[in-house]
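Naming: A, B, ... by sequence-line order, numbering from 1 per chain. If you're wondering where the values come from, they're calculated on a predicted model, not measured in any experiment.
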Amino acid sequence: MDTYDADGITLERVEEYIWEIPQEGEMNTPARVLASEELLDQIADDKTLQQLKNSTQLPGVQQHAICMPDGHQGYGFPVGGVAGIDAEEGCISPGAVGFDINCGVRMMTTNLSYDDVQGHEEELVESLFANVPSGLGGGGVVESDVETVEEILDRGVEWALDEGHAVEDDLAHCEDEGRRPDADPAVVSQKAKDRGKNQIGSLGSGNHFLEVQRVTDVFREGVADSYGLSADQIVVLIHCGSRGLGHQVCTEYTREVEQAHPELLDQLPDKELAAAPAGSQLAEEYYGAMCAAINYAWVNRQLIMDRTRQVFERVFDRSWEEMEMNLLYDVAHNIAKKEDHEIDGEERELYVHRKGATRAFPAGHEEVPRAYRDVGQPVIIPGSMGAGSYVLRGGESSMETTFGSTAHGAGRTMSRTQAKDEFWGEDVQDELRGQKVYVKAQSGATVAEEAPGVYKDVDEVVRVSDELGIGDTVARTFPVCNIKG
DNA sequence: ATGTGC
């Protein structure tokens with residue numbers, strides 16, 4: 001049998017890019033890794049595979065816990081991990097959702113071409129940096145109070161629509177139409193709401209960014225047409241999450257779950273996987289709070305997009321409608337969601353945990369927006385500043401292979417600390433300028449931490465997704481201007 | 001990721 005020996009864990013090859021950790025001991029199911037050998041080499045020596053194996057001990061996990069091609073180690077559960085867990089007899093785990101609840105990306109298209117933007121890069125990057133709040137701490141597009149935060153938590157992008165920060169079309173092109181109805185602002189703490197008050201419409205730090213990009217390649221013409229994408233076109237990518245509010249929700253519920261359900265914790269090999277049993281009060285409360293943080297993150301990205309439209313209006317002296325700055329789609333990268341999936345020929349409701357993974361529903365699925373239903377859900381995969389990003393569409397085999405999911409990014413190869421030893425921010429910036437990429441950041445350290453060299457090969461991640469038929473490549477983009485914390 | 005951790 002074809003096997004791969006990692007540090008203490010042996011994987012068995014099931015198919016070309018599917019590897020299995022067989023069920024043994026306390027595992028409730030086997031685990032699977034979707035990767036090429038080249039990608040496996042990158043996670044063979046760290047905790048990724050052990051964390052994935054551990055997660056199969058969560059009660060109610062179905063079929064197998066799965067690691068996407070870009071997976072790497074995270075808090076308790078891999079970033080790039082997907083677990084479908086029975087919503088009646090299983091559990092929900094904050095650590096398997098992630099700290100940055102609804103960290104995600106949206107892409108906005110334009111009718112500008114790269115020619116229209118060349119010569120304006122400096123002005124554009126300066127103006128975006130001056131007008132889109134970024135960095136650690138407070139300061140957002142809007143300042144607000146706890147009552148407004150509660151409305152945002154409850155209503156998501158519908159709030160932004162009423163306030164004039166969105167148009168109807170923006171809602172139609174967002175996962176869940178920009179609102180999780182299961183949100184319950186009453187179970188989000190005062191402290192979380194306070195942290196959220198002055199961060200509405202802000203990028204944050206780390207790997208979060210706003211990037212003006214040009215489309216360099218189109219791989220599936222028909223799908224690209226449906227998405228409104230074509231070669232040389234200018235698009236805008238916004239990558240950020242729920243800031244301090246989501247972080248606070250995760251922190252508080254992780255602790256509460258540990259304390260309230262020690263019997264479940266005792267069954268698990270890692271405290272970081274702490275979970276609330278399905279049906280318990282805490283499971284309901286965490287789900288309500290997480291959905292509220294999801295709504296907050298969608299409003300966050302919406303307000304940043306709104307501000308970006310205004311910046312383009314000033315720089316190019318035209319209305320955003322004239323420039324056809326329309327939202328292509330917005331996808332969540334860190335969430336759990338109640339979804340019905342077919343398990344052994346039977347429909348079951350699952351908490352699908354996607355941590356550093358993207359929903360990738362295929363053509364025909366009723367939750368794909370009408371405009372894209374014939375071709376499949378758009379999937380947006382940000383890459384590094386030196387490699388560019390991809391647009392995919394949900395593939396035909398995603399439902400049976402990955403609970404309707406695919407990868408979410410390139411995945412880091414080294415820690416932030418290590419990155420700062422290897423790279424110097426200004427050098428990275430100069431090198432990128434040589435590739436006509438204009439970068440402006442609050443701190444040089446962030447540029448070093450996000451240097452192209454700290455990321456895996458996004459081409460390989462996307463190739464494996466395409467080969468598996470879980471997410472098919474549609475188009476590729478390359479950065480023009482990038483702003484970050 | 002995060003007013004950067006027990």
Just call it for [X]: base, sugar-phosphate, or nothing, with non-hydrogen atoms closer than 4.0 Å on any strand.
| X | answer |
| --- | --- |
| A:E449 | nothing |
| A:K355 | nothing |
| A:S242 | nothing |
| A:R412 | nothing |

For [X] and [N], give me the distance from atom [atom1] to atom [atom2], rounded to whole Å.
| X | N | atom1 | atom2 | answer |
| --- | --- | --- | --- | --- |
| A:Q442 | B:dT2 | CD | P | 13 Å |
| A:R416 | B:dT2 | CZ | P | 9 Å |
| A:F99 | B:dT4 | CZ | P | 14 Å |
| A:Q248 | B:dT2 | CD | C1' | 10 Å |
| A:D100 | B:dT4 | CG | P | 15 Å |
| A:L203 | B:dT2 | CG | P | 10 Å |

Want to settle it: does A:R255 or A:H247 sit nearer the 5' end of DNA chain B, counting the closest nucleotide to each?
-> A:H247
Quick one: side-chain contact (heavy atoms from CB on, under 4.5 Å) partners of A:K197, sequence neighbours excluded?
-> A:V146, A:V149, A:D194
Let me check something: any side-chain donor-acceptor pairs from residues 379-388 of chain A under 3.5 Å, sequence neighbours excluded? List them with distances.
unit_1, atom_1, unit_2, atom_2, d
A:S384, OG, A:G386, N, 3.4
A:S384, OG, A:A387, N, 3.3

Report yes if the side chains of A:L128 and A:V212 come closer than 4.5 Å at any heavy-atom pair, otherwise no.
-> yes
Do NZ/NE/NH1/NH2 and the carboxylate oxygens of A:D182 and A:K338 come within less than 4.0 Å?
-> no
